[in-house]
Every structure is written in C-alpha cells, then in structure tokens.
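Some notes on the structure that comes next.
FYI, the numbering just counts along the sequence from 1. As the structure is a prediction and not an experimental result, all values here were calculated from the model.
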Amino acid sequence: MAQNSNIDEKKLLLELSQGSELAFTNMYNQYKNNVYSTALRITKSKIQAEEAVQDIFLKIWQNRDVLAEVDHFENYLYIISRNHLFNSIKKIARETSQIAEFNQKEAGIIDTDSNIKDEQYNTILNQIVEQLPPQQQKVYQMAKRDGLSHQKIGEDLGISTETVKKHMAQALKFIRLKISPYMNMFMSLLLFLKF
C-alpha cells in the first residue's frame, strides 16, 4: 500500500513538473494543512501562517521543473517550509531592529532640534534680559538663574521684598513684550518636532 502511494506521489510530481495545474491543486489540497499548522506553530500568527502557505506553494510552483527528481515530497516540503519560515522570522527581526534604530535616530534628531531650539530661545532671552535696567536685571537673574526667593534677594540687595516683587513684575512684563514676536517661531518649531 505504501508503495502504491509512493507511485501515485511520483506520478503527481511528474505531472506537476510538467506544469499540470490539476496536479498542483491536488498537491496543495493534500499538504496545505500540514504547512499551515507548522507555520502557525512557529509564527504564532494566523495571518502570517496563511501568507506562509501561499508563499511556500508559490515557490513550489515556480520551481516545479525539479519536482520530478524529488524522492520524498514531504521531506522536500518540510525543508522549503522550514527555510521560508526562518527567513521570514529573520526578515521580521531585521525590520523590527531597523524600526527601533530609526526611532532611536528620530529621537536623537528631535533631541538635537530641541537642544538647538532651547539654545536659540536662551540666546534671545539673554539678549532681552541685558536690555533691562540694572536693578531689574539683577533681581531677575537672582530669581531665575540662582533660584533665590524674593525675601533673600531683598536681603542681598538691601531692598524690601515689595520692591523686589515690583522689579520682578516689571522685568517679566518687559521680557514678555520683547519675546512675544519670537514665540510664534518657537511654537511652530515645537509643533513641527512633534509630527
């Protein structure tokens, strides 16, 4: 009985090697479930398993001229399936790695762009602060750069806390007025960097 099925398989492979679509359909129907279950076990994805079945049988059809020389089709099919699935897994791993690398580069570009934007903003801000009257400039820098409280600034400069608050309010009003024309540019950059 086993020899009969071997003869039938040889006949089927010979017909398939000669381009018989009926022989191919018979071969496909006989082995597609085996290929699918193997692919599903390896890929853990129904979609990828279905694609693998299509790709593997397409490869068999494209190389049908060698099938007449195949002694054990199941072994041949197993090797083609295994190679195809491992190549697919390697390709997915490469693509995943490339995506991660791309994302990392993108993050680096965004960080670089963000650093440039921060530098430009700080340069403009420093130029505006230099335009402040000397007392307002001192109060602003002591509060913002040094992180001192209004009370501590007042003590260090020998002025009241109320005077410090007044200088700070005037400094901030002047800075907002002078920096507002640049804010549209910085907001545009921020929006651009997010997309």
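L132 has its side chain within reach of V129: a pair of non-hydrogen atoms, C-beta onward, lies under 4.5 Å apart. Looking at heavy atoms from C-beta onward, I153 lies out of side-chain contact with H167 at the 4.5 angstrom threshold. Two residues are said to be in side-chain contact when any heavy atoms from C-beta on lie closer than 4.5 Å; K165 and M168 fail this criterion. Using a 4.5 Å heavy-atom cutoff, the side chains of D156 and K152 are in contact.
Minimum heavy-atom separation, R64 to G19: NE-CA, 3.7 Å. Minimum interatomic distance between E15 and A23 (heavy atoms only, all atoms of both residues): CB-CB, 3.8 Å. The shortest heavy-atom contact between F174 and Q131 is CZ-OE1, 3.7 Å. When all heavy atoms of L40 and K46 are compared, the closest pair comes out as CD1-N, 3.7 Å. Closest heavy-atom contact between R41 and K44: O-NZ, 2.7 Å. The minimum heavy-atom distance linking S20 with W61 is given by the pair O-CZ3, 3.9 Å.
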Using the rule given for side-chain contact (heavy atoms from CB on, under 4.5 Å), can you reason through N34 versus Y78, listing the C-alpha separation, both sets of side-chain angles and the distance that settles it, and then say yes or no?
CA-CA 9 Å; N34 293 348; Y78 171 78; over 6 Å; no

Step by step, would you call E155 with Q151 a side-chain contact (heavy atoms from CB on, under 4.5 Å)?
CA-CA 6 Å; E155 289 170 9; Q151 185 178 347; 3.5 Å; yes

Could you please spell out the steps behind the side-chain contact (heavy atoms from CB on, under 4.5 Å) verdict for K138 and Q135?
CA-CA 5 Å; K138 276 184 197 170; Q135 193 73 347; 4.3 Å; yes

In sequence, state the C-alpha distance, the side-chain angles, and the governing distance for N63 and K59, and then conclude on side-chain contact (heavy atoms from CB on, under 4.5 Å).
CA-CA 6 Å; N63 297 317; K59 202 173 285 186; 3.8 Å; yes

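To the nearest 0.5 Å, atom CZ of residue F24 and atom OG of residue S17 are 13.5 Å apart. Here the CG atom belonging to L22 is positioned 4.5 Å from the CG atom belonging to N26, to the nearest 0.5 angstrom. The distance from atom CD1 of I56 to atom CD of E51, rounded to the nearest 0.5 Å, is 11.5 Å. Taken to the nearest 0.5 Å, the CD1 atom of I60 stands 9.5 Å off from the CG atom of L13. We find the CE-CG distance between M27 and L16 to be 5.5 Å, quoted to the nearest 0.5 Å. Atom CG of residue N126 and atom CZ of residue R145 lie 9.5 Å apart, to the nearest 0.5 angstrom.
At distances below 3.5 Å, at least one donor-acceptor pair connects side-chain atoms of K10 with backbone N or O atoms of V70. A donor-acceptor contact shorter than 3.5 Å links the side chain of E9 to the backbone of F73. With hydrogens and angles ignored, the 3.5 Å screen pairs no side-chain donor or acceptor of Q141 with any backbone N or O of D146.
The number of heavy atoms from other shown groups lying within 6.0 Å of NZ (K32) is above 12. Counting non-hydrogen atoms of other residues, nucleotides and ligands closer than 6.0 Å to CD of E74 gives a total of 12 or fewer. The number of heavy-atom neighbours closer than 6.0 Å to CD1 of I47, taken from other residues, nucleotides and ligands shown, is 12 or below.
Connection of L14 to Y28 is not established within any shared hydrophobic cluster, with ILVMFWY side chains joined at heavy-atom distances below 4.5 Å, either directly or through further cluster members.
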